[in-house]
Student: 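Would you mind keeping the following structure in view while I ask a few things?
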Amino acid sequence: MMHPPLTPTDFQQRLISWQQTHGRHDLPWQQDPTPYRVLVSEIMLQQTQVATVIPYFERWMASFPTIEALAAASEDEVMSHWQGLGYYSRARNLRKAALYITEECGGQFPDQVETLLKIPGVGRYTAGAIASFAYNTYGPIVDGNVKRLFCRFFGIEGVPGTTQVDKTLWHLAETYTPNQSNRAFAQGLLDMGATVCKPKNPTCDDCSFQPECIAYQSNRVDQLPTPKPKKTIPTRTGQFLWIESNGKLLLEKRADNGIWGALWCLPQIHLEPEQLGEHVQLKGSFKHTFTHYKLDAKVWHVDRLGEQADNQQWFPFDACAELGLPTPIRKFLTRNAPQSA
DNA sequence: AATTCGGGGGG
DNA sequence: CCCCCAGAATT
């Protein structure tokens with residue numbers, strides 16, 4: 001039976017009620033939701049699942065309990081805590097955010113969407129999330145959960161992520177976000193998307209919005225949101241160097257732009273294998289798949305180094321574990337370090 | 001408007 | 001194998 005559309009007020013009341021009885025209340029960042037804790041959690045959660053983030057969040061808070069502690073930390077220390085989480089610009093920006101807030105905001109944490117947007121690494125979604133979760137004030141959010149829920153509930157056609165569809169989604173978010181109980185409302189949106197209105201096998205029978213859901217009522221739940229056209233990703237090759245001396249390994253700190261920015265890594269050269277000298281022999285290889293390309297990597301054993309660059313440094317093998325290393329590089333070291341065999 | 005940023009969860 | 005994940009910055 002098709003019902004008339006829900007007014008924003010009715011939508012808010014039903015969602016908040018659902019959140020209080022069926023939503024998540026035990027996530028680490030929900031306990032003591034200070035602006036700093038909310039900021040850290042929201043940055044970590046960008047394009048990253050809750051279960052993956054939790055141990056990183058706990059370790060981060062143990063090492064950097066306050067924004068002042070984070071502002072005082074070195075970039076290497078920060079990158080080490082982010083290693084394995086991916087999208088490393090988030091870590092660099094989070095450190096910049098701490099410096100920005102402590103030094104340029106007089107230690108006063110921004111508390112409105114407009115000023116939150118000035119924080120490095122904070123975009124429209126994260127600004128709304130901080131307003132909602134940290135300050136319990138009006139802060140519209142549109143993330144993957146909201147896109148999916150809204151596309152189904154409102155029957156929105158078109159691929160989310162395109163300008164036109166996103167404009168519609170954000171307009172709906174601004175219209176349907178209340179001016180009170182924002183913490184519960186925003187959490188309700190995310191929890192509904194994560195536990196009921198899931199990408200696959202959504203549990204529509206348990207959904208309190210089923211009577212007004214356009215997708216359900218028109219039997220299009222499995223067709224909305226409109227899927228993105230898939231792309232074939234290219235394969236790139238990469239040549240890395242294994243330079244070992246006196247029980248130490250030569251590593252290189254990568255530039256802060258590009259892949260694995262600001263992480264320590266085996267030195268990478270931009271030559272073809274055929275161009276390598278006679279005294280260079282293959283140490284091993286690995287493959288790795290990124291979002292937009294596949295990496296087919298070879299690691300070459302080199303006896304001596306021509307000239308050591310400023311961004312290169314020797315590390316004992318056991319000290320490498322403390323560094324922020326790219327995941328496939330870390331795995332390669334684990335397999336090839338002298339005493340690990 | 002498209003591309004570039006990781007790595008893993010789960011079907 | 002596939003799509004997706006509490007997106008932002010850059011081109």
Side-chain angles (χ1 to χ4, degrees), chain A residues 23-24 27-30 33 38-57 79 82-94 96-97 116-134 139-149 159-167 169-170 173 183 186-195 197-202 222 225-234 236 254-263 288-295 324-331:
Chain A
R24 296 175 289 189
L27 299 173
W29 40 90
Q30 292 179 297
V38 172
L39 170 67
V40 172
S41 66
E42 290 302 334
I43 300 296
M44 286 186 173
L45 286 161
Q46 289 170 4
Q47 296 294 287
T48 310
Q49 297 186 164
V50 167
T52 303
V53 165
I54 288 176
Y56 283 88
F57 181 81
M79 299 313 293
W82 208 271
Q83 78 90 11
L85 199 54
Y87 286 167
Y88 297 96
S89 66
R90 296 184 293 174
R92 303 193 299 274
N93 281 332
L94 191 45
K96 289 179 189 171
L116 287 165
L117 284 170
K118 298 180 182 298
I119 300 173
V122 173
R124 200 173 179 183
Y125 163 79
T126 304
I130 296 173
S132 295
F133 292 129
I141 56 170
V142 175
D143 76 322
N145 292 298
V146 177
K147 288 179 179 177
R148 185 170 56 254
L149 193 154
V159 179
T162 62
T163 304
Q164 189 172 358
V165 173
D166 280 0
K167 183 180 178 183
L169 291 167
W170 274 101
R183 194 170 282 144
Q187 192 65 54
L189 286 178
L190 302 179
D191 291 351
M192 280 286 292
T195 66
C197 198
K198 298 177 292 182
K200 298 174 186 174
N201 305 319
D222 59 346
T226 305
K228 298 179 180 180
K230 45 179 125 181
K231 296 178 180 177
T232 60
I233 64 175
R236 303 182 190 175
R254 297 176 68 92
D256 65 1
N257 60 331
I259 202 80
W260 297 334
L263 292 185
H288 192 69
T289 303
F290 298 105
T291 303
H292 51 298
Y293 67 91
K294 295 178 181 176
L295 175 63
L325 297 171
T327 297
I329 299 293
R330 176 173 297 279
K331 290 178 180 173

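Values below: every heavy atom of this structure, side chains too, minus hydrogens, waters and symmetry copies. Proteins come first, then strands; the chains are lettered A, B, ... in the order of their sequence lines, and each starts at number 1.
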Student: Does Lys198(A) put a side-chain nitrogen or oxygen below 4.0 Å from OP1 or OP2 of dG10(B)?
Tutor: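 It does not, given that no N or O in the side chain of Lys198(A) lies less than 4.0 Å from OP1 or OP2 of dG10(B).
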Student: For dA6(C) versus dG10(B), give the span between their P atoms, rounded off to a whole number of Å.
Tutor: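 Going atom to atom, P in each nucleotide, I get 11 Å.
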Student: Find the runs of at least 3 consecutive base pairs, i with j, i+1 with j-1 and so on, that include DNA chain B, using Watson-Crick or G-U wobble geometry with both distances under 3.5 Å.
Tutor: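 The stems that DNA chain B takes part in, listed by first number, are B:1-5 with C:7-11, B:7-11 with C:1-5.
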Student: Between Thr52(A) and dG9(B), does any side-chain N or O lie under 4.0 Å from OP1 or OP2?
Tutor: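 So the side chain of Thr52(A) is outside the cut-off, no N or O lying under 4.0 Å from OP1 or OP2 of dG9(B).
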Student: Measure from CD1 on Ile43(A) to P on dC5(B) and round the result to the nearest Å.
Tutor: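 Distance, rounded to whole Å: 19 Å.
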Student: Is Trp82(A) near enough to dG6(B) that one of its side-chain N or O atoms lies under 4.0 angstrom from OP1 or OP2?
Tutor: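 Checking Trp82(A) against dG6(B): no side-chain N or O falls below 4.0 Å of OP1 or OP2.
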Student: Round to a whole Å and report the spacing from NZ of Lys294(A) to P of dG7(B).
Tutor: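 Distance, rounded to whole Å: 16 Å.
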Student: Using a cut-off of strictly less than 4.0 Å, decide whether Gln47(A) has a side-chain nitrogen or oxygen near OP1 or OP2 of dG7(C).
Tutor: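 Checking dG7(C) against Gln47(A), a side-chain N or O does come within under 4.0 Å of OP1 or OP2.
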Student: Looking at every strand, decide which applies to Leu190(A) at a 4.0 Å heavy-atom threshold: base, sugar-phosphate, or nothing.
Tutor: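 Base contact.
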Student: Select base, sugar-phosphate, or nothing to describe what Leu27(A) touches, counting heavy atoms under 4.0 Å on all strands.
Tutor: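 Result for Leu27(A) = base.
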Student: Could you check how far NZ of Lys147(A) sits from P of dA6(C), rounded to whole Å?
Tutor: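 So the two atoms are 12 Å apart, to the nearest Å.
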Student: Mind checking the OG-CD spacing from Ser89(A) to Gln46(A)? Nearest 0.5 Å is all I need.
Tutor: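 Here the interatomic distance stands at 8.5 Å.
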Student: Are Gln83(A) and Tyr88(A) linked by a side-chain donor-acceptor pair shorter than 3.5 Å?
Tutor: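 No, Tyr88(A) and Gln83(A) have no side-chain donor paired with an acceptor closer than 3.5 Å.
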Student: Is the ring pair Trp29(A)/Phe57(A) parallel, tilted or perpendicular, if the boundaries are 30 and 60 degrees?
Tutor: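 Trp29(A) and Phe57(A): perpendicular rings.
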Student: Does any pair with a residue in residues 116-131 of chain A pass salt bridge (Lys or Arg N to Asp or Glu O under 4.0 Å), and if so which ones, sequence neighbours excluded?
Tutor: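 Matches after skipping sequence neighbours: Arg124(A)-Glu174(A).
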Student: Checking all strands, does Thr291(A) fall into the base, sugar-phosphate, or nothing category for heavy-atom contacts under 4.0 angstrom?
Tutor: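 Base: the residue Thr291(A), judged by heavy atoms under 4.0 Å, touches a nucleobase.
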Student: Closest nucleotide of DNA chain B for Asn257(A) versus for Asn201(A): which of these residues is on the 5' side?
Tutor: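 Residue closer to the 5' terminus by nearest nucleotide: Asn257(A).
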Student: Taking the C1' atom of each, how far is dC3(C) from dG6(B), in whole Å?
Tutor: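 Their C1' atoms lie roughly 16 Å apart.
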Student: Using a cutoff of under 3.5 Å, can you pull out all pairs of nitrogen or oxygen atoms linking the protein to nucleotides 9-11 of chain C, with atom names and distances?
Tutor:
| unit_1 | atom_1 | unit_2 | atom_2 | d |
| --- | --- | --- | --- | --- |
| dA9(C) | OP1 | Gly121(A) | N | 2.6 |

Student: Return the set of residues passing side-chain hydrogen bond (donor to acceptor under 3.5 Å, both in side chains) with Ser132(A) (not counting sequence neighbours), or none when no residue passes.
Tutor: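 None.
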Student: Is it true that the NZ or CZ of Arg183(A) lies under 6.0 Å from the centre of Phe133(A)'s six-membered ring and within 45 degrees of the ring axis?
Tutor: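 No, Arg183(A) and Phe133(A) do not form such a contact.
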Student: Please tell me which of the listed nucleotides, dC5(B), dA6(C), dG8(B), lies nearest to the side chain of Lys331(A)?
Tutor: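 Between dC5(B), dA6(C), dG8(B), the one nearest the side chain of Lys331(A) would be dG8(B).
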Student: Does the separation of the ring centres of Trp82(A) and Tyr56(A) fall below 6.0 angstrom?
Tutor: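 No, they do not, as the ring centres are separated by 6.0 Å or more.
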Student: Please state whether the phosphate of dA8(C), meaning OP1 or OP2, lies under 4.0 angstrom from any side-chain nitrogen or oxygen of Thr126(A).
Tutor: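 Answer is yes, contact under 4.0 Å.
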Student: Using atom NZ of Lys118(A) as one end and atom P of dA8(C) as the other, report the distance to the nearest whole Å.
Tutor: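 Distance, rounded to whole Å: 16 Å.
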Student: Check this one for me: any side-chain N or O of His288(A) less than 4.0 Å away from OP1 or OP2 of dG6(B)?
Tutor: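 No, His288(A) has no side-chain N/O under 4.0 Å of OP1/OP2 on dG6(B).
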Student: Verify the stacking flag for Tyr87(A) against dC5(B): centroid separation must be under 5.5 angstrom and the ring planes must differ by under 30 degrees.
Tutor: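 Yes.
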Student: Among all residues two or more places apart in sequence or in another chain, which pass the salt bridge (charged side-chain N to carboxylate O under 4.0 Å, His left out) test with Arg24(A)?
Tutor: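 Partners of Arg24(A) under the salt bridge (charged side-chain N to carboxylate O under 4.0 Å, His left out) test: Asp191(A).
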Student: Provide, to the nearest angstrom, the distance between the NE2 atom belonging to His292(A) and the P atom belonging to dT3(B).
Tutor: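 One finds 11 Å between P of dT3(B) and NE2 of His292(A), rounded.
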Student: Mind calculating the distance between CD (Gln46(A)) and C1' (dC5(C)) to the nearest angstrom?
Tutor: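 Gln46(A) atom CD is separated from dC5(C) atom C1' by 12 Å.
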Student: If you measure from CG on Leu85(A) to CD1 on Ile43(A), what distance do you get to the nearest 0.5 Å?
Tutor: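 Taking CG in Leu85(A) and CD1 in Ile43(A), the distance rounds to 11.5 Å.
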Student: Need one value for Gln164(A): base, sugar-phosphate or nothing, where a base atom within 4.0 Å counts as base even if backbone is also close, heavy atoms only.
Tutor: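 No contact.
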Student: So, OP1 or OP2 of dG7(B): does either fall under 4.0 Å of a side-chain N or O from Tyr88(A)?
Tutor: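 Checking dG7(B) against Tyr88(A), a side-chain N or O does come within under 4.0 Å of OP1 or OP2.
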Student: Stepwise, does the side chain to side chain contact (heavy atoms under 4.5 Å, CB included) test hold for Leu190(A) with Asp143(A)?
Tutor: CA-CA 8 Å; Leu190(A) 302 179; Asp143(A) 76 322; 3.4 Å; yes
Student: Considering every strand and a 4.0 Å limit on heavy-atom distances, what is the contact class for Gly193(A): base, sugar-phosphate, or nothing?
Tutor: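 Nothing, no nucleic acid heavy atom in range.
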Student: Taking atom CD1 of Ile259(A) and atom CZ of Arg236(A), what is their separation to the nearest 0.5 Å?
Tutor: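 Taking CD1 in Ile259(A) and CZ in Arg236(A), the distance rounds to 8.0 Å.
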Student: Using atom CG of Asp143(A) as one end and atom P of dA8(C) as the other, report the distance to the nearest whole Å.
Tutor: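 So the CG-P distance, Asp143(A) to dA8(C), works out to 10 Å.
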Student: Output one line per pair: protein atom, nucleotide atom from nucleotides 2-4 of chain C, and distance, for all N/O pairs under 3.5 Å.
Tutor:
none

Student: Nearest 0.5 Å, please: how far is CG in Asn93(A) from CD1 in Ile119(A)?
Tutor: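 If I round to the nearest 0.5 Å, the distance is 11.0 Å.
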Student: What is the separation between atom OH on Tyr56(A) and atom P on dG6(B), rounded to the nearest whole Å?
Tutor: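 Nearest whole value for this atom pair: 13 Å.
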Student: I need the Arg148(A) CZ to Leu169(A) CG distance, nearest 0.5 Å.
Tutor: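 Here the interatomic distance stands at 12.0 Å.
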Student: About how many Å separate CH2 of Trp170(A) and OH of Tyr125(A), when rounded to the nearest 0.5 Å?
Tutor: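 Rounded to the nearest 0.5 Å, the OH-CH2 separation comes to 9.0 Å.
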